[in-house]
*Asks:* 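Following this message is one structure expressed as structure tokens.
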Amino acid sequence: MSRDAFIGELRHRMAGLPQQTVERTVEYYSELIADSVEDGLTEEEAVSRLGSLDEIVASVVKDTPLTQIVETRIQERKKKGSSGWVIALLILGAPVWLPVLIAALAVAFALFVALWAVVIALWAVVAAVILTGLAALVAGVVELCRLHLPQGLVLLGGGLVCLGLCALLYLLMKLLTVGTVKLCRWLWVSVKSLFVGKKGK
Amino acid sequence: MDVQMKRGLLDVCVLAAIQSEDSYGYQIIKDIKPYVDVSESTLYPILRRLEEGRLLTVRSVEHNGRLRKYYHITDAGKARIEDFKRDWDEMEKIYRFITKEGKQ
């Protein structure tokens with residue numbers, strides 16, 4: 001890809017980000033290409049060394065707050081000059097789209113809470129198994145002291161099984177929790193990406 | 001390497017690259033690359049973060065009929081490097097403890 005094609009595509013994909021962010025990013029990458037070319041690389045080599053456009057745009061989106069992205073989108077609309085009809089429809093349609101918007105946000109929030117509720121519930125299970133294990137061990141010792149040999153051994157064995165199980169469950173839960181955090185972060189960046197880039201192409 | 005740890009290390013590496021004299025994006029990458037795996041797209045957010053944290057300042061200088069951004073380290077940036085060196089002494093002590101335990 002040539003320098004101009006790269007910069008053009010970069011601009012295209014960053015549409016919707018604040019103007020200042022777009023300019024700064026374009027300046028940074030065109031300077032790198034120019035310096036690479038001065039260092040003896042061809043334009044194509046210089047561009048290919050920059051990595052994929054997806055990665056570049058994703059890292060810029062990650063560093064831009066959602067509020068800024070939405071603000072830019074709204075200002076763009078204003079610049080295009082919404083016709084009186086659109087504004088009238090927006091106001092008249094408010095009883096329809098406003099509840100729908102609120103409902104959509106509520107559903108998204110509920111899903112988020114539900115996701116974490118499952119994680120918390122599973123941690124509670126781990127805690128319960130630990131407590132059961134400890135309780136069984138104590139009961140086992142008590143039973144042994146009262147010379148109820150079979151009951152005591154069963155309780156001790158059960159307790160140890162519970163604690164062993166916990167060690168495994170703990171590792172699984174750690175993976176699951178880290179995974180959920182990553183999933184939430186990824187979803188957040190995806191939501192922001194929805195507002196960035198021109199549609200159709 | 002741990003992501004958080006690498007992020008902190010890269011910040012200090014970039015500061016170190018502009019410590020003795022002001023430098024620009026392409027040169028910084030060239031200077032750091034033999035030591036740490038850094039790409040053009042990873043350097044960009046680092047430079048932005050360091051600028052926002054006032055650890056470095058940026059100025060544009062004319063070069064071959066175009067503008068090139070030079071990065072200049074601030075006192076806070078130099079202090080950050082000193083902090084890192086101090087942390088490193090501590091890390092080394094811990095490292096010696098860990099490897100000594102491993103041998104026994």
Side-chain angles (χ1 to χ4, degrees), chain A residues 1 3-4 6-7 9-11 13-14 17-65 68 174 178-179 181-182 185-186 189 192-193, chain B residues 1-11 13-15 17-18 21-73 77:
Chain A
M1 207 193 289
R3 192 196 86 100
D4 289 343
F6 174 81
I7 297 294
E9 184 64 26
L10 186 61
R11 273 187 192 282
R13 296 220 197 167
M14 284 196 298
L17 287 172
Q19 194 59 26
Q20 207 192 0
T21 309
V22 174
E23 290 312 319
R24 217 191 326 237
T25 311
V26 166
E27 270 168 29
Y28 173 80
Y29 284 104
S30 17
E31 184 195 303
L32 276 179
I33 296 170
D35 278 324
S36 309
V37 171
E38 242 173 64
D39 206 27
L41 269 73
T42 66
E43 230 174 65
E44 274 73 19
E45 281 170 341
V47 169
S48 68
R49 270 181 43 170
L50 298 179
S52 78
L53 273 160
D54 288 336
E55 259 175 39
I56 292 174
V57 175
S59 84
V60 177
V61 170
K62 206 172 152 193
D63 280 352
T64 313
Q68 265 184 35
K174 227 172 118 181
V178 172
V181 170
K182 277 190 185 152
R185 256 191 224 151
W186 176 79
V189 174
K192 287 205 274 184
S193 299
Chain B
M1 203 191 289
D2 179 65
V3 181
Q4 283 299 325
M5 195 166 166
K6 195 173 171 190
R7 206 170 126 165
L9 275 176
L10 276 172
D11 283 7
C13 281
V14 171
L15 289 172
I18 57 171
E21 61 174 335
D22 296 358
S23 185
Y24 52 96
Y26 186 73
Q27 188 62 42
I28 294 174
I29 293 171
K30 233 177 148 182
D31 288 342
I32 304 181
K33 235 175 193 166
Y35 305 99
V36 222
D37 181 31
V38 65
S39 73
E40 283 73 4
S41 55
T42 39
L43 179 68
Y44 182 61
I46 297 172
L47 287 172
R48 295 272 303 125
R49 194 163 61 229
L50 293 176
E51 190 192 346
E52 267 164 24
R54 295 180 201 285
L55 298 176
L56 56 76
T57 55
V58 191
R59 73 194 155 91
S60 296
V61 176
E62 171 130 13
H63 172 85
N64 273 355
R66 60 184 170 91
L67 288 178
R68 194 191 244 169
K69 279 185 178 161
Y70 276 82
Y71 302 92
H72 174 79
I73 193 165

*Asks:* How about residues 30-39 of chain A versus chain B: which residues have heavy atoms under 4.5 Å apart?
*Replies:* A/E31, A/L32, A/A34, A/D35, A/S36, A/E38, A/D39

*Asks:* Classify the ring geometry between A/Y28 and B/Y44 as parallel (under 30°), tilted (30 to 60°) or perpendicular (over 60°).
*Replies:* tilted

*Asks:* Check each atom of A/T21 against the heavy atoms of chain B and say whether the ones under 4.5 Å are side chain, backbone, both or neither.
*Replies:* backbone

*Asks:* I'd like to know if B/R66 pairs up with A/E27 as an ion pair, taking the criterion as any Lys NZ or Arg NE/NH1/NH2 lying under 4.0 Å from an Asp or Glu carboxylate oxygen.
*Replies:* no

*Asks:* Does B/K33 have more than 12 heavy atoms from other residues, nucleotides or ligands lying within 6.0 Å of its NZ?
*Replies:* yes

*Asks:* What's the shortest heavy-atom distance between A/V61 and A/V189, and which atoms?
*Replies:* CG1-O, 4.3 Å

*Asks:* What option among A/R49, A/K62, A/E55 has the most heavy-atom pairs under 4.5 Å with chain B?
*Replies:* A/R49

*Asks:* Under 4.5 Å from any heavy atom of chain A, what part of B/R49 do you find: side chain, backbone, both or neither?
*Replies:* neither

*Asks:* So, using salt bridge (charged side-chain N to carboxylate O under 4.0 Å, His left out) as the criterion, who are the partners of A/D54 when residues are at least two apart?
*Replies:* A/R13

*Asks:* For B/Y24 and B/K69, work out which heavy atoms get closest and say how close.
*Replies:* CB-O, 3.3 Å

*Asks:* Between B/L43 and chain A, which part of the residue has a heavy atom less than 4.5 Å away: side chain, backbone, both or neither?
*Replies:* both

*Asks:* How long is the gap from CG on B/L47 to CZ on A/R24, to the nearest 0.5 Å?
*Replies:* 11.0 Å

